[in-house]
There are 2 protein chains.
Amino acid sequence: MTDEPTRRPAAPTIYDVAREAGVAPSTVSRTFARPGRVNADTAAHIREVAARLGYRANPLARALSTSRTKMLAVMVSDVTNPFYSELIRGAQIAASEADYTVLLADARESDQVERESLERVLPAVEGIVIGSSRMSDSTLRVIAKQKPMVVLNRDLMGVPSVVTDNPRGMRRAAEHLGELGHEAITYVAGPEASWADGMRWRALREAGHELALSTRRIGPFAPTTEGGAEAGAQMLDGPPTAVIAYNDLMAIGLLRFLVAHGVRVPEDVSLIGFDDIMAARLVTPPLTTVAAPVRAMGITAVRNLVALINGAHARAAEAFVLPTRLVVRGSTARRRR
Amino acid sequence: MTDEPTRRPAAPTIYDVAREAGVAPSTVSRTFARPGRVNADTAAHIREVAARLGYRANPLARALSTSRTKMLAVMVSDVTNPFYSELIRGAQIAASEADYTVLLADARESDQVERESLERVLPAVEGIVIGSSRMSDSTLRVIAKQKPMVVLNRDLMGVPSVVTDNPRGMRRAAEHLGELGHEAITYVAGPEASWADGMRWRALREAGHELALSTRRIGPFAPTTEGGAEAGAQMLDGPPTAVIAYNDLMAIGLLRFLVAHGVRVPEDVSLIGFDDIMAARLVTPPLTTVAAPVRAMGITAVRNLVALINGAHARAAEAFVLPTRLVVRGSTARRRR
DNA sequence: TTGAAAGCGCTAACAA
DNA sequence: TTGTTAGCGCTTTCAA
């Protein structure tokens with residue numbers, strides 16, 4: 001089965017083009033790398049020859065001499081999580097704008113895979129966006145020392161970050177529940193180590209304080225539908241009237257669990273998620289949620305990363321805060337009990 | 001704002017290690033590239049020094065001299081489509097097994113973006129998996145001539161492919177509906193150019209023929225929830241009792257449209273999708289669907305691609321066919337009218 | 001088993 | 001504006 005590789009024609013190089021066009025190789029190089037530094041006519045001629053020969057600059061060779069690989073890494077904990085696929089989409093958009101290619105590092109929710117993935121990808125890229133990571137702050141900081149880095153929804157002293165406005169989002173969610181007559185809100189916590197989780201719970205506590213709503217917290221749970229179901233199991237006897245979950249996936253898991261066990265949503269329990277993933281719209285009832293501008297986050301992160309690569313100073317003191325928005329759908333209603 | 005780049009320590013090279021270890025650079029190279037060709041003790045020493053210095057082989061430099069970049073491209077039409085994210089997951093798994101990195105080429109449902117994406121990525125990779133593409137067969141074949149390629153759910157003469165067993169899946173779906181007493185099945189078609197769509201419709205016709213069920217087809221529609229809703233609008237007056245949609249996204253869009261317009265599922269209409277994406281489980285009622293082993297497809301595709309790269313012969317005559325499975329959930333029921 | 005030297009395809013001084 | 005000449009960091013002959 002395994003034989004000698006099929007012969008494929010070797011890709012033409014700068015030298016082939018140079019010979020064919022009757023100029024020096026460096027002139028060919030210039031034509032593509034710094035047009036303007038070469039006579040318009042010669043350039044045209046060279047391009048013509050190059051096109052005829054099907055010449056494409058070898059990006060690796062270019063990278064070797066310029067040490068600009070034009071590649072970026074985006075690290076996520078799970079590609080199949082819709083939150084991250086939207087993030088990747090944003091990153092791709094901004095990357096191609098800046099003529100960068102993105103390497104996907106998918107941790108597959110495993111520390112070891114995350115390491116290996118990073119190892120593999122890091123030496124090839126000029127910078128990295130940490131969409132999510134289980135690595136410790138100090139580990140990340142070490143990496144940030146080697147390559148430009150932007151982190152998402154995380155607070156890493158000295159490393160620029162892009163975050164969503166959790167406090168405002170949570171505040172709006174709490175207000176919404178307050179307006180519907182709810183007096184107590186239960187927060188279903190996500191992963192313990194999550195910065196966003198801490199932010200959200202804190203924001204809820206503060207909002208509760210100001211709005212005279214009592215708050216409590218259960219968890220932590222996995223940030224998945226399974227985690228949500230687990231939370232549901234814990235609240236089955238004496239469910240609260242209002243719940244805010246760490247994210248949509250959990251809210252959906254919780255929603256389905258409750259409904260399956262005879263608790264009606266929103267009649268018995270009002271439920272709010274975070275992120276506004278596509279599935280939030282699809283469940284019955286559709287989920288009220290605090291929408292995060294995920295794609296915009298990806299775009300912002302990459303734009304900042306590229307700026308960093310190009311020598312911008314890491315204005316790391318303040319994070320880039322992107323606005324959230326409460327999307328009211330069917331899972332919240334006036335309190336009835 | 002844009003200033004001189006922050007100084008980052010230059011990564012140690014093979015020369016640094018060589019000097020520090022008191023050996024020739026080529027020996028350091030050998031230690032990593034072909035261990036066994038170097039004395040065990042020297043090798044150990046070199047590794048020790050390398051570790052101490054934090055040496056990491058520069059993959060680009062290596063690629064330049066070996067012309068093995070250890071990178072693969074996966075082209076998809078839309079990263080945010082759950083079908084493709086699962087595919088990417090599979091590709092990642094197989095790629096890391098083989099010590100390859102994957103470059104994601106996301107077409108964002110646009111021809112132009114697809115082109116650019118491909119241009120950007122192609123010269124850097126050793127091979128490419130076409131998860132989906134709007135490119136013509138002939139264009140793809142041209143590319144396959146330059147780089148090893150594996151296509152998914154598509155039939156490209158001369159190019160190895162991985163497909164799901166659409167005929168069997170469709171057959172099972174039709175049988176299921178037949179057993180529930182349905183006598184006519186409407187197929188809601190996906191994108192016109194889609195090979196899978198053609199396969200599915202053909203398979204349904206044949207199954208219908210054998211099972212004495214009448215079949216008809218409407219569409220094409222976009223393979224999205226929006227497309228599904230559009231189809232719903234077309235069938236509002238006099239809806240069929242049984243519908244099979246090109247994929248889950250469409251089925252879900254259709255489902256929600258029908259329910260919103262007073263048509264009950266599954267009481268009035270039984271509905272089946274394809275793929276078994278996560279959302280299929282989340283909608284109400286949960287969707288009966290023909291599950292595709294998406295992750296396995298990604299794995300299979302990449303494994304084959306790697307084999308191809310290593311010189312396996314393209315046994316392109318037969319495609320790799322992966323089994324499908326009918327997952328019966330709540331959207332199908334006995335015919336009542 | 002090791003070292004010396006050439007070269008992968010490109011860019012970047014430096015001259016001309 | 002163009003050509004000449006060194007490399008970029010690694011692998012790979014070829015000798016020793």
Side-chain angles (χ1 to χ4, degrees), chain A residues 8-47 49-50 53-71 99 120 122-126 146, chain B residues 5 8-47 49-50 53-71 99 101 120 122-126 146:
Chain A
R8 285 169 202 281
T13 71
I14 216 175
Y15 300 105
D16 301 320
V17 178
R19 186 176 338 105
E20 188 73 12
V23 298
S26 59
T27 306
V28 177
S29 169
R30 282 188 200 104
T31 317
F32 296 103
R34 49 195 19 131
R37 282 213 187 304
V38 49
N39 180 303
D41 291 342
T42 13
H45 178 221
I46 289 173
R47 285 182 189 288
V49 172
L53 262 47
Y55 167 77
R56 336 242 52 220
N58 177 333
L60 287 89
R62 173 172 293 177
L64 188 58
S65 62
T66 58
S67 54
R68 306 284 250 118
T69 64
K70 286 290 181 180
M71 300 203 279
D99 197 32
R120 192 191 307 291
L122 205 55
V125 301
E126 293 180 51
Q146 311 178 96
Chain B
R8 287 172 202 277
T13 72
I14 219 177
Y15 299 104
D16 300 319
V17 177
R19 189 177 333 108
E20 189 73 10
V23 298
S26 57
T27 306
V28 177
S29 169
R30 284 189 198 101
T31 313
F32 295 103
R34 51 197 26 155
R37 283 214 187 301
V38 49
N39 178 302
D41 291 340
T42 1
H45 178 221
I46 289 174
R47 284 181 191 288
V49 172
L53 262 46
Y55 167 76
R56 336 243 50 222
N58 178 333
L60 287 89
R62 173 172 292 177
L64 186 58
S65 61
T66 59
S67 54
R68 304 285 248 118
T69 63
K70 287 290 182 179
M71 300 202 279
D99 196 34
T101 301
R120 192 191 305 292
L122 204 56
V125 300
E126 292 180 51
Q146 313 179 96

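Each side-chain hydrogen bond (donor to acceptor under 3.5 Å, both in side chains) pair with one or both residues in residues 37-47 of chain B, not counting sequence neighbours, appears once here: B/Asn39-B/Thr42.
Contact annotation for B/Ala63: no contact, since no heavy-atom pair falls under 4.0 Å across all strands.
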Considering only nitrogen or oxygen atoms on both sides, find all protein atoms under 3.5 Å from nucleotides 5-8 of chain C and state each distance.
| unit_1 | atom_1 | unit_2 | atom_2 | d |
| --- | --- | --- | --- | --- |
| C/dC8 | O2 | B/Ser65 | N | 3.4 |

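Both B/Arg37 and A/Pro25 sit near DNA chain C, but only B/Arg37 has its closest nucleotide nearer the 5' end.
Inter-axis angle, ends of the helix from C/dT1-D/dA16 to C/dA16-D/dT1, five pairs per end, rounded to 10 degrees: 40°.
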Please output the side-chain donor-acceptor pairs of residues 59-69 of chain A that fall under 3.5 Å, not counting sequence neighbours, one pair per line with the distance.
| unit_1 | atom_1 | unit_2 | atom_2 | d |
| --- | --- | --- | --- | --- |
| A/Ser65 | OG | A/Arg62 | O | 3.4 |
| A/Thr66 | OG1 | A/Arg62 | O | 2.8 |
| A/Thr66 | OG1 | A/Arg68 | N | 3.1 |
| A/Arg68 | NH1 | A/Tyr100 | OH | 3.0 |
| A/Arg68 | NH1 | A/Glu126 | OE1 | 2.5 |
| A/Arg68 | NH2 | A/Asn310 | OD1 | 3.0 |
| A/Thr69 | OG1 | A/Met71 | N | 3.2 |
| A/Thr69 | OG1 | A/Ala124 | O | 2.8 |

List the atom pairs, with distances to 0.1 Å, where a side-chain N or O of residues 22-35 of chain A and a protein N or O form a donor-acceptor pair under 3.5 Å, not counting sequence neighbours.
| unit_1 | atom_1 | unit_2 | atom_2 | d |
| --- | --- | --- | --- | --- |
| A/Thr31 | OG1 | A/Thr27 | O | 2.5 |
| A/Thr31 | OG1 | A/Val28 | O | 3.3 |

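A distance of 9.5 Å separates OG1 in B/Thr13 from CG in B/Asn58, rounded to the nearest 0.5 Å. A distance of 5.0 Å separates NZ in B/Lys70 from CG in B/Asp99, rounded to the nearest 0.5 Å.
Between chain B and DNA chain D, the heavy-atom contact criterion of under 4.0 Å yields a 5' to 3' nucleotide range of D/dG9 to D/dT13.
Between the C1' atom of C/dT11 and the CZ atom of A/Arg62 lies a distance of 9 Å, rounded to the nearest Å.
Scanning all heavy atoms of the two residues, the minimum distance from A/Ala57 to B/Pro123 falls at O-CB, 4.3 Å.
When side chains are defined from C-beta on, B/Tyr55 counts as touching B/Ile14, because their heavy atoms get closer than 4.5 Å.
Within residues 28-36 of chain B, the residues approached by DNA chain D to less than 4.0 Å at the level of any non-hydrogen atom are B/Ser29, B/Arg30, B/Ala33, B/Arg34, in residue-number order. For the segment residues 39-47 of chain B, the set of residues with a heavy atom within less than 4.0 Å of an atom of DNA chain C comprises B/Asn39, B/Thr42, in numerical order.
Applying the side-chain hydrogen bond (donor to acceptor under 3.5 Å, both in side chains) criterion to A/Glu20, with sequence neighbours excluded, gives A/Arg52.
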